[in-house]
Amino acid sequence: MTSTDVDTHQYETLRTILDQRWACRQFLPDQVPHEVIERLLTLALRTPSWSNTQPWQVVVTEGAATDRFREALVAHVRSGAPATPDLAHPAGFSGPYRQRRKESGIQLYESLGIGKGDAEASLRQFVRNFEFFDAPHVAIISTEDELGPYGAIDTGLFVNTVLLAAHALGLATIPQASVASYSPFIRDYFGLPGTRRVLAAISFGYPDTEHPVNSFRTARADLDEIVTWKTD
């Protein structure tokens, strides 16, 4: 193969996975077999990292453990406990970032028939985040504090690999910063050390393809909105 050759099969396989993957917001109750979850995570371990540090750590719930965690987290959120994420939320959304976020929110609420100003329905949908959208499994993704921002970046790469590998195995996922917003509770619940920083959760399982909330797909920016070419 020369430097100008392209392995078309590999390219098209990856393109198909990237094009088809989506954020699932309603799951079927069916458990994913343990061996399938192992295949998924074993593949994700191939994620690259700085000096091969592999900074990610994962807690995966199965069966009754998911239901117990779901109930405990919802009770904690409903108690009025403040969100205290380990990774700071964005300071704001402006320009194209605000527009893209707004469009995604409109698609979500329209799919559910939630009208503008319907505070009760909006709150209910907010709580659905902490119910993991009825997913039978949730993965808590964390890294060590001493590894700093680049440990978090590497762990973010791991999250993306999990999402793509899951889709390749016929599973649906949704990455959730909302769950990680309650990091101290999660650390205490799972007995994680105080040096562990919770970055995200991934709820996963089999999708309920008949539910309207799973009917929309978000758009992606054009290349010229993202790339600046320098040739001189």
Side-chain angles (χ1 to χ4, degrees), residues 23-27 41 44 47 49-50 53-62 64-94 97-98 100-102 104-105 108-109 114 119-163 173-205 213:
C24 181
R25 290 181 174 85
Q26 183 61 50
F27 293 86
L41 296 176
T47 302
S49 59
W50 185 333
T53 50
Q54 304 172 63
W56 41 81
Q57 291 289 319
V58 187
V59 175
V60 179
T61 65
E62 300 177 89
T66 304
D67 293 329
R68 286 195 297 270
F69 179 44
R70 183 180 0 250
E71 292 171 5
L73 181 59
V74 169
H76 180 71
V77 173
R78 286 192 177 277
S79 74
T84 50
D86 289 335
L87 192 65
H89 287 173
F93 297 90
S94 60
Y97 315 112
R98 182 176 185 275
R100 293 166 192 159
R101 186 170 187 261
K102 179 180 179 181
S104 177
L108 169 61
Y109 276 55
I114 299 176
E120 183 177 349
S122 296
L123 176 60
R124 176 57 189 155
Q125 185 57 31
F126 171 73
V127 173
R128 291 291 290 149
N129 284 280
F130 310 104
E131 296 172 343
F132 316 133
F133 305 105
D134 297 334
H137 307 279
V138 63
I140 301 299
I141 315 296
S142 63
T143 186
E144 286 295 326
D145 183 53
E146 70 173 359
L147 297 174
Y150 279 97
I153 289 172
D154 288 342
T155 304
L157 295 177
F158 176 82
V159 168
N160 190 53
T161 307
V162 170
L163 303 182
T173 59
I174 182 167
Q176 295 182 264
S178 54
V179 174
S181 295
Y182 294 88
S183 296
F185 171 82
I186 292 171
R187 258 191 306 278
D188 181 66
Y189 185 89
F190 289 110
L192 303 180
T195 58
R196 195 72 59 77
R197 295 294 169 255
V198 178
L199 301 187
I202 303 174
S203 294
F204 67 97
V213 77

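Atom set for the values below is all heavy atoms of this structure, side chains included, hydrogens, waters and symmetry mates excluded.
Counting non-hydrogen atoms of neighbouring residues, nucleotides and ligands closer than 6.0 angstrom, the CZ atom of Phe93 exceeds 12 such neighbours.
The backbone N or O of Gly92 lies less than 3.5 Å from no partner atom in the side chain of Arg98, so there is not a single donor-acceptor pair. Without hydrogens or angle criteria, Thr143 side chain to Ala152 main chain gives no donor-acceptor distance under 3.5 Å. Checking side-chain atoms of Ser49 against main-chain N and O of Gln54 turns up a donor-acceptor pair under 3.5 Å. Although no hydrogens or angles enter the test, the distance criterion places no donor-acceptor pair under 3.5 Å between the side chain of Ser104 and the main chain of Arg100.
Residues Asp154 and Thr53 have side chains in contact (heavy-atom distance under 4.5 Å, counting atoms from C-beta outward). In this structure, the side chains of Phe204 and Val162 stay at 4.5 Å or more apart for every pair of heavy atoms. Within the 4.5 Å cutoff, side-chain heavy atoms of Val77 are placed close to those of Phe126. Side chains of Val213 and Arg128 form no contact here, defined as non-hydrogen atoms less than 4.5 Å apart. Side-chain atoms of Phe133 and Gln176, non-hydrogen and from C-beta on, do get closer than 4.5 Å to each other. You'll find the side chain of Ser122 reaches within 4.5 Å of the side chain of Ile114, heavy atoms only. Side chains of Leu199 and Val159 form no contact here, defined as non-hydrogen atoms less than 4.5 Å apart. With a 4.5 Å cut-off on side-chain heavy atoms, Val198 and Phe185 do not count as touching.
The distance from the CZ atom of Phe158 to the CG atom of Leu163 is 10.0 Å, given to the nearest 0.5 Å. Atom CD1 of residue Ile153 and atom CG of residue Leu147 lie 12.0 Å apart, to the nearest 0.5 angstrom. Here the straight-line distance linking atom OG1 of Thr61 with atom CZ of Phe190 works out to 6.0 Å at 0.5 Å rounding. In this structure, SG in Cys24 is found 10.0 Å from CG in Asp134, a value given to the nearest 0.5 Å. Within the model, atoms CD of Glu71 and NE2 of His76 stand 16.0 Å from one another, a figure rounded to the nearest 0.5 Å.
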Check your understanding: Under the side-chain hydrogen bond (donor to acceptor under 3.5 Å, both in side chains) criterion, do Ser142 and Gln57 qualify, and how do the steps go?
Key -> CA-CA 5 Å; Ser142 63; Gln57 291 289 319; over 6 Å; no
Practice item. Before giving the answer on side chain to side chain contact (heavy atoms under 4.5 Å, CB included), spell out for Ile186 and Ile140 the whole-Å C-alpha distance, their side-chain angles and the decisive distance to 0.1 Å. Key: CA-CA 9 Å; Ile186 292 171; Ile140 301 299; 3.8 Å; yes
Exercise for review: Output, in order, the C-alpha distance, side-chain angles, deciding distance and verdict of side-chain hydrogen bond (donor to acceptor under 3.5 Å, both in side chains) for Glu146 and Thr195.
Suggested key: CA-CA 8 Å; Glu146 70 173 359; Thr195 58; over 6 Å; no
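Residue Pro136 comes nearest to Thr66 through the heavy atom pair O-OG1, 2.8 Å, listed as atom of the first residue, atom of the second, then distance. Here the closest non-hydrogen pair linking Ala44 and Thr161 is CA-CG2, 3.6 Å. Considering all non-hydrogen atoms of both residues, Ser203 and Ala135 come closest at CB-CB, 3.8 Å.
Residues satisfying the salt bridge (Lys or Arg N to Asp or Glu O under 4.0 Å) test with Asp86, not counting sequence neighbours, are Arg187. With sequence neighbours excluded, the residues satisfying salt bridge (Lys or Arg N to Asp or Glu O under 4.0 Å) with Arg197 are Asp145.
Under the 30°/60° scheme for interplanar angles, the aromatic rings of Tyr189 and Phe69 are found to be tilted.
Taking the ring centroids of Phe132 and Phe27, they lie at or beyond the 6.0 Å cut-off.
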